[in-house]
> 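Quick one: the structure is below, and I'll ask about it shortly.
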Amino acid sequence: MVGFIFISIVLILIFIIIYRKNAGKNVYKYIINGVGNVYNKYAPYSFKEVRAKVKELGQEYTLRQYTTQALIFALIGFVVSYLYFYNIITSIFYCIAAVMIVPYLTYLRCKRIYSEFIFEQVQVYVTNTIMEFATTQSFVKALEGVYESDVLEEPFKTDVKIMIDMAYSNGTINESITFMNRKYDYYVIKNMHQLFLQITNEGAKDSSDALENMSLDVDMLVENVYRDRIDRAAFHKKFIQFGIVLYLMVMLVQFLLGVSTYIGMLDSIGIRLLLHGILIVNTYFLLNGEKYYNENVGAE
């Protein structure tokens, strides 16, 4: 109890100091801006681009949503750990640790949204290039048609422009195709490029059937991807529910043993270490599941 009072006093003093140094300002905004400055300084450049695109797409969380998420995590961390240890100081540490997970979840979520956006751009690129090629019978002219139609968004649009410039500079499409295949490792792109390469280098009297079959393959791929997203979203919801139930299994143990008996067992260092291990393993299990859900978008 003494430790809890001491920590509370320290937190109050920190708040007062910050408030006095920032008179006339909103302390909450000051803290948020401070965290944002740290993020901008140390976050990987690639992720800054990803998050900027997520904001542009209008899918970034608002400040209120992030605050609500952090409060929910803090509450869950405090309540669950208190049910395990019946110790306020320990619960405060778990509360802080739970809030520290929020940036990692933000990172995973932004990567998933960006990956889904890129796949949609891949679909638009392949579909429209096939349509343009069917008319022009020229890969470079097809790329120019897609680029000028403004159906693509950044950064994909700029990469198509690079392909066009490379084709005119080198007098061949080979290097352009190599560039795009390396940057976007999707088999639907590689297959389309391979088909156009064969038509360009070897010639073909009638490529309409091959183009039609490729369009059907793209439609099938897109249908499978979106169906996979729906299935994964449903599984993700059940997975989170299962993870929460795992945390609350301690309540079943207390029901079977009796709360007083359980609290008496907490005097043992071995029992406390075991409980800490259970919490850490359960959290690792949940975070791994989140990582899988957000990184494996089912595009390929």
Side-chain angles (χ1 to χ4, degrees), residues 46-60 109-200 204 206-230 233 294 296-300:
S46 58
F47 181 62
K48 291 180 185 178
E49 290 185 317
V50 168
R51 193 167 189 181
K53 191 64 188 182
V54 172
K55 289 181 180 179
E56 183 183 326
L57 294 171
Q59 298 192 51
E60 171 70 312
R109 177 179 171 275
C110 287
K111 285 194 66 177
R112 173 176 57 81
I113 293 173
Y114 187 77
S115 296
E116 292 173 350
F117 161 75
I118 289 297
F119 176 72
E120 290 170 0
Q121 288 292 289
V122 167
Q123 170 200 349
V124 172
Y125 165 71
V126 172
T127 302
N128 283 272
T129 303
I130 290 174
M131 292 170 59
E132 291 285 344
F133 188 87
T135 302
T136 63
Q137 291 298 308
S138 167
F139 181 59
V140 179
K141 294 296 182 184
L143 291 179
E144 289 179 331
V146 174
Y147 178 80
E148 293 170 1
S149 65
D150 285 330
V151 294
L152 297 174
E153 297 182 38
E154 296 297 345
F156 215 97
K157 187 175 181 179
T158 296
D159 291 331
V160 171
K161 183 63 168 63
I162 292 174
M163 290 181 71
I164 296 170
D165 293 341
M166 291 174 67
Y168 280 119
S169 175
N170 299 321
T172 176
I173 65 173
N174 296 59
E175 192 172 337
S176 300
I177 286 177
T178 301
F179 162 77
M180 205 64 164
N181 285 349
R182 286 177 178 173
K183 188 153 191 181
Y184 300 99
D185 189 19
Y186 294 82
Y187 77 80
V188 65
I189 283 184
K190 292 182 177 180
N191 287 352
M192 182 190 72
H193 287 163
Q194 182 62 32
L195 175 62
F196 288 152
L197 193 62
Q198 290 176 347
I199 294 174
T200 302
D206 186 8
S207 59
S208 58
D209 289 341
L211 294 175
E212 178 66 23
N213 290 335
M214 183 161 289
S215 295
L216 293 175
D217 289 341
V218 173
D219 292 339
M220 186 178 299
L221 172 64
V222 171
E223 181 182 350
N224 291 335
V225 167
Y226 284 108
R227 186 185 299 116
D228 176 70
R229 288 182 188 175
I230 294 172
N294 285 284
N296 295 274
V297 297
E300 289 296 276

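All values below come from the heavy atoms of this structure, side chains included, with hydrogens, waters and symmetry mates left out. If you read the sequence from its start, that first residue is 1, and numbering goes on from there. Owing to the predicted nature of the structure, the values given are computational and were not obtained by experimental measurement.
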> For Y114 and P155, which heavy atoms make the closest approach, and how far apart are they?
OH-CG, 3.4 Å

> Between M163 and H193, is there a side-chain heavy-atom distance shorter than 4.5 Å?
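The answer is yes; the side chains approach within 4.5 Å.
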
> Can you see which heavy atom on K190 is nearest to which on D185, and at what distance?
NZ-OD1, 2.6 Å

> Less than 4.0 Å between a side-chain N and a carboxylate O, is that true for K53 and E49?
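No.
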
> Between V151 and Q121, which heavy-atom pair has the shortest distance, and what is it?
O-NE2, 4.4 Å

> NZ/K161 to CD/E144 distance, rounded to the nearest 0.5 angstrom?
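It comes to 8.5 Å.
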
> Salt bridge between E132 and K141, side-chain N to carboxylate O under 4.0 Å?
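No, E132 and K141 are not salt-bridged.
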
> About how many Å separate CG of L152 and CG of N128, when rounded to the nearest 0.5 Å?
7.0 Å

> Report yes if some heavy atom in the side chain of E60 is under 4.5 Å from a heavy atom in the side chain of I113; otherwise report no.
no

> So how far is it from N174 CG to L197 CG, rounded to the nearest 0.5 Å?
5.0 Å

> Got a second to check how far E148's CD is from K157's NZ, nearest 0.5 Å?
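Answer rounded to 0.5 Å: 9.5 Å.
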
> Can the ring centres of F156 and Y184 be said to be less than 6.0 Å apart?
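F156 vs Y184: aromatic centres under 6.0 Å.
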
> Nearest heavy-atom pair of F117 and E154: which atoms, and what distance?
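Between these two residues, the closest heavy atoms are CZ-O, 3.5 Å.
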
> What do the steps show when you test D159 against F179 for side chain to side chain contact (heavy atoms under 4.5 Å, CB included), and what is the final call?
CA-CA 9 Å; D159 291 331; F179 162 77; 3.9 Å; yes

> Return the CZ to OG1 distance between R182 and T178, rounded to the nearest 0.5 Å.
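The OG1 atom of T178 is 6.0 Å from CZ of R182, to the nearest 0.5 Å.
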
> Which pair of heavy atoms, one from F139 and one from Y125, lies closest together, and at what distance?
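Looking at all heavy atoms of both residues, the closest pair is CZ-OH, 4.1 Å.
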
> What is the ring orientation for F119 with Y186, classed by angle as parallel under 30°, tilted 30 to 60°, or perpendicular over 60°?
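Aromatic pair F119/Y186 classed tilted.
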
> How close do S176 and A167 get, counting heavy atoms only, and between which atoms?
OG-N, 3.2 Å

> If I take atom CD1 from residue I130 and atom CZ from residue F196, how far apart are they, to the nearest 0.5 angstrom?
5.5 Å

> Does a side-chain heavy-atom distance below 4.5 Å link L57 with E153?
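SC-SC contact between L57 and E153 confirmed.
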
> Given I162, which partner from the list D165, I164, T158 fulfils the side-chain contact (heavy atoms from CB on, under 4.5 Å) test?
T158

> Could you go through the side chain to side chain contact (heavy atoms under 4.5 Å, CB included) check for I177 and Q194 one step at a time?
CA-CA 9 Å; I177 286 177; Q194 182 62 32; over 6 Å; no

> Can you tell me if T129 uses its side chain to pair, donor with acceptor, with the backbone of V126 under 3.5 Å?
no

> Is the shortest heavy-atom distance from the side chain of M192 to the side chain of F133 under 4.5 Å?
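No - every pair of side-chain heavy atoms lies 4.5 Å or more apart.
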
